[in-house]
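So the structure is just underneath, and the comments pick up after that.
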Number of protein chains: 2
Amino acid sequence: MARVVGRSVGSSAPRSADVARVAGVSRKTVSRVLNNEPYVSDEVRRRVLEAAEELGYRLNHAARALASGRNRSIGVVALGTAGYGTASLLVGIEKAVRDSGYALRVVNTADGDPEGIAGAVMSLREQGVDGIVVSEPIVEGEVSLKVDVPVLFLGAPPAFTSARTLTVGVGAYALARAATDHLLDLGHTTVHHLAGPGRWYASKDRLAGWRSALAARGAHEPPVIEGDWSPASGYAAGVELAADSSVTAVFAAGDDMAIGLIHALREAGRRVPEDISVVGFDGNPVFAHVTPPLTTVRQPFDAAAREGIRLLMHAIEEPETDLPPASEPPVELVVRGSTAPPPTRKAPARGRRTASRSRGSAHAPPAGDGPPTTD
Amino acid sequence: MARVVGRSVGSSAPRSADVARVAGVSRKTVSRVLNNEPYVSDEVRRRVLEAAEELGYRLNHAARALASGRNRSIGVVALGTAGYGTASLLVGIEKAVRDSGYALRVVNTADGDPEGIAGAVMSLREQGVDGIVVSEPIVEGEVSLKVDVPVLFLGAPPAFTSARTLTVGVGAYALARAATDHLLDLGHTTVHHLAGPGRWYASKDRLAGWRSALAARGAHEPPVIEGDWSPASGYAAGVELAADSSVTAVFAAGDDMAIGLIHALREAGRRVPEDISVVGFDGNPVFAHVTPPLTTVRQPFDAAAREGIRLLMHAIEEPETDLPPASEPPVELVVRGSTAPPPTRKAPARGRRTASRSRGSAHAPPAGDGPPTTD
DNA sequence: TTGAAAGCGCTAACAC
DNA sequence: GTGTTAGCGCTTTCAA
């Protein structure tokens with residue numbers, strides 16, 4: 001390996017000027033090659049790449065950002081929790097962003113309150129991100145904020161205005177509806193609902209799906225119990241529900257809550273699924289191994305993240321163009337052992353047409369539209 | 001609210017020069033105030049802050065980074081998985097970094113192989129981070145890399161050299177030992193081990209802790225079974241272990257694997273904990289609600305992250321000074337329902353010649369020694 | 001198809 | 001205590 005460059009000893013990292021010198025071209029040409037711009041002869045391109053390689057040249061992102069105004073990085077506002085859902089979404093976002101050649105900056109908000117979100121967004125903007133992803137924030141309260149870059153709301157409706165506002169749902173409404181329909185199909189006369197915190201949009205969406213499934217069958221709508229996503233809150237709800245002998249089916253808005261719920265139910269002497277059926281929400285694979293294995297609906301984290309980032313990238317790089325339409329992820333119901341036909345009653349007709357894939361129901365309003373929420 | 005600034009209409013974001021003009025000072029003084037440098041009169045400081053506030057001024061990080069060479073951001077190389085452990089560590093890191101006033105950049109590696117880690121680290125360096133956190137990488141293979149910023153290895157030994165290499169453990173060795181001791185204390189003559197992938201340092205550390213606990217009591221060391229952290233791999237191990245009637249206690253290197261393991265055990269007719277005791281590793285709270293509730297050891301994710309970032313910040317901001325010593329996090333054993341004394345028996349009426357390809361060594365080699373892998 | 005000059009917004013070093 | 005003068009390393013005009 002011939003040492004072509006004069007001195008590279010005491011000096012620090014090579015700059016584009018060094019590459020230019022070694023390749024025998026101008027700095028601008030180096031820049032062209034590095035940015036894959038047209039109008040560079042193959043010969044020159046090759047020489048530049050070779051020189052960069054030889055020098056171990058690494059482009060300085062800060063300088064590029066300063067000069068161009070574009071940072072090639074996107075920021076994500078996430079919840080500071082290690083839950084399966086949140087973590088899965090973050091992993092999916094990271095991968096999609098990296099595949100796009102962008103860098104990822106993360107800011108968590110302890111609890112997704114408006115101030116927290118606003119602060120996180122401002123901090124991200126200050127860091128110079130080209131786009132922002134707000135993942136599963138709360139919906140309550142107004143975030144008064146105006147951001148000058150595109151913002152993607154993943155699994156939630158827009159909470160503030162931005163240069164370009166995008167929304168990609170995770171199909172929570174349809175998933176909740178499928179979960180409830182599954183229970184109804186089994187022959188349960190109605191389904192109780194253990195919801196997430198009322199302030200979360202994710203809660204409202206699931207609640208709405210459950211409600212619509214009930215309404216479609218003319219089933220009675222029992223009062224909603226509210227948890228906080230934690231297994232402990234599921235347990236507390238279970239204690240409450242176990243005392244009500246009319247309960248035969250429960251749809252919990254989260255797997256962890258469902259597990260806590262089942263725990264309390266069984267402790268109170270109610271068998272699952274013989275006496276009471278339980279469906280969770282998320283799709284954490286570990287719950288295939290508990291007793292009873294948890295029936296649940298799988299959230300399309302990866303697909304939603306990929307789709308969302310695709311839209312965001314488009315909005316960043318081609319602000320003028322109209323965005324290609326978002327494809328709705330499929331509904332995936334995972335039937336395991338925590339659901340069964342209701343007790344006493346004779347087994348229902350075998351017409352078990354589980355709402356799998358396909359939007360499954362008469363009308364499923366897309367996320368962002370406010371289906372009748374109570375709260 | 002008096003509009004002091006001349007025109008702010010069509011123009012874009014205000015710069016430090018605008019603030020300087022409004023406050024009637026020089027740009028450098030604005031810079032001083034914004035960086036909390038000394039030698040600025042309170043009066044001037046107040047005026048500058050006021051002007052900045054009024055203009056809605058936001059400092060441009062890219063420009064600062066370019067000018068100063070410091071980026072006020074740290075990068076983390078994580079595993080692209082949504083597991084409880086990984087996610088908890090990341091959340092802890094994010095919080096600690098944010099509290100230090102730094103920004104966080106994240107790059108995941110699909111599987112922590114040397115190339116993946118090297119690529120992630122280079123990408124982070126290119127992005128101009130001031131420090132890097134490598135969280136739970138694999139240990140096998142050499143990462144040939146020289147980084148010019150401090151690197152913190154969290155829960156793993158240094159995998160490559162850097163300007164300043166820091167290491168903070170999560171006490172895995174002590175935790176594994178505590179888990180095994182708990183089983184031994186219960187009266188089990190020995191404890192089997194379901195390990196993580198051999199390439200992971202986390203696996204080796206836990207393995208070593210288990211091994212040392214056994215050795216300290218002179219207990220026989222059964223062959224190690226290797227999983228991949230997934231509940232499915234735990235299940236597979238359980239099928240295998242259930243066939244061996246001499247097994248009365250198992251220490252699994254992860255909660256999820258423990259759950260899969262218990263599943264298989266019970267399916268094979270072995271009761272937990274009556275016939276076989278199982279201890280997990282991590283501390284995911286949801287497993288307090290399964291049947292049986294999982295006994296486990298809790299990893300001090302937050303404490304480790306906080307301590308690690310503290311060290312890293314110190315290395316970044318005061319490279320000369322010696323680092324304050326790291327405090328070891330406490331060992332936390334969470335005893336729940338999956339462990340009990342061994343089954344009622346007066347004498348261990350069993351010839352242990354089931355799977356006798358154990359090495360049966362009486363000493364505990366430190367991590368780094370490769371355990372007999374099965375795969 | 002390539003190059004020369006002029007900054008991007010900030011901080012560093014040195015004056016005053 | 002405060003201001004002045006130069007850049008940081010890259011991309012952008014615009015010209016050749």
Side-chain angles (χ1 to χ4, degrees), chain A residues 8 11-49 51-52 55-73 103 125-130 148 317, chain B residues 8 11-49 51-52 55-73 103 125-130 148 317:
Chain A
S8 70
S11 77
S12 52
R15 296 156 314 186
S16 76
D18 298 319
V19 177
R21 188 165 29 73
V22 171
V25 298
S26 75
R27 271 157 64 209
K28 174 57 199 169
T29 298
V30 172
S31 169
R32 283 201 182 90
V33 172
L34 265 27
N35 289 295
N36 272 314
E37 281 171 31
Y39 304 126
V40 182
S41 71
D42 288 353
E43 159 61 11
V44 167
R45 186 178 297 276
R46 195 186 49 68
R47 281 219 316 272
V48 169
L49 258 17
L55 292 170
Y57 171 74
R58 308 250 97 195
L59 185 149
N60 180 323
H61 283 223
R64 163 192 276 182
L66 181 56
S68 71
R70 280 148 65 271
N71 286 269
R72 296 202 141 267
S73 83
R125 264 313 286 151
E126 193 170 321
Q127 288 174 44
V129 298
D130 301 308
D148 55 350
E317 301 187 335
Chain B
S8 70
S11 76
S12 52
R15 296 157 316 190
S16 73
D18 297 320
V19 177
R21 187 161 32 72
V22 171
V25 299
S26 74
R27 269 156 67 211
K28 177 58 199 168
T29 298
V30 172
S31 170
R32 284 202 181 89
V33 172
L34 264 27
N35 289 294
N36 271 314
E37 280 171 29
Y39 305 124
V40 182
S41 72
D42 289 352
E43 159 62 9
V44 167
R45 185 179 297 276
R46 196 186 50 68
R47 282 219 315 272
V48 169
L49 257 17
L55 292 170
Y57 171 75
R58 308 251 97 195
L59 185 149
N60 180 324
H61 282 223
R64 162 192 276 181
L66 181 56
S68 70
R70 279 148 68 271
N71 285 268
R72 297 202 139 266
S73 84
R125 262 315 284 150
E126 195 169 319
Q127 288 173 46
V129 297
D130 301 307
D148 56 351
E317 302 186 335

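Note on naming: letters A, B, ... go to the chains in the order of the sequence lines (proteins, then strands), and numbering restarts at 1 for each one.
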Rounded distance in Å - CG (A:L66) to P (D:dT11)
11 Å
Reckon B:Y57 has a side-chain N or O less than 4.0 Å from the OP1 or OP2 of C:dC10?
yes
Exercise: identify the closest heavy-atom pair between A:V22 and A:A51
CG1-CB, 3.6 Å
Can you list the steps and then say if A:Q127 with A:N71 is a side-chain contact (heavy atoms from CB on, under 4.5 Å)?
CA-CA 9 Å; A:Q127 288 174 44; A:N71 286 269; over 6 Å; no
Considering only heavy side-chain atoms of B:K28, the closest of D:dG9, D:dT11, D:dT4 is D:dT4
Looking at every heavy atom in both B:G24 and B:R47, which two are closest together, and how far apart are they?
O-NH2, 3.8 Å
Atom CG of A:L34 to atom P of D:dG9: distance rounded to whole Å?
15 Å
What's the CZ-C1' distance between A:R47 and C:dT1, to the nearest Å?
13 Å
Separation of atom CZ in A:R21 from atom P in C:dT2, rounded to whole Å:
20 Å
So that I can tick it off, tell me whether A:E126 and B:R64 are bridged by a salt bridge, with the cut-off set at under 4.0 angstrom between side-chain N and carboxylate O.
no
Please check the phosphate of C:dC10 (OP1 and OP2 only) for any side-chain N or O of B:R64 closer than 4.0 Å.
no
Would you please confirm or rule out a distance under 4.0 Å between OP1 or OP2 of C:dT11 and any side-chain N or O of B:S31?
yes
Take A:R70 and A:E317 through the test side-chain contact (heavy atoms from CB on, under 4.5 Å) and record every step on the way to the result.
CA-CA 10 Å; A:R70 280 148 65 271; A:E317 301 187 335; 5.6 Å; no
Has the side chain of A:R32 got a donor or acceptor that lies under 3.5 Å from a partner of the other kind on the base of C:dG3?
yes
Taking only the side-chain nitrogens and oxygens of B:N60, find out if one of them lies under 4.0 Å from OP1 or OP2 of C:dC8.
no
Phosphate OP1/OP2 of D:dG9 contacted by A:S16 side-chain N/O (<4.0 Å):
no
N or O in side chain of B:S68 less than 4.0 angstrom from D:dC8 OP1/OP2
no
Send over the distance from A:R72 CZ to D:dT11 P, rounded to a whole Å.
11 Å
Phosphate-side-chain proximity, B:S26 and D:dG3, N/O vs OP1/OP2 below 4.0 Å
yes
If you assign B:V25 and B:A63 each to the DNA chain D nucleotide with the nearest heavy atom, which residue ends up on the more 5' nucleotide?
B:V25
Value in whole Å for how far the P atom of C:dG9 lies from CG of B:D18
9 Å
Ignoring the backbone of A:Y39, work out which of C:dG9, C:dT1, D:dT11 is nearest its side chain.
C:dT1
To the nearest angstrom, the CG-P distance between B:N71 and D:dC8 comes to 16 Å
Check whether any side-chain nitrogen or oxygen of B:T29 sits under 4.0 Å from OP1 or OP2 of D:dG3, and answer yes or no.
yes
To the nearest Å, how far apart are B:R45 CZ and D:dT2 C1'?
13 Å
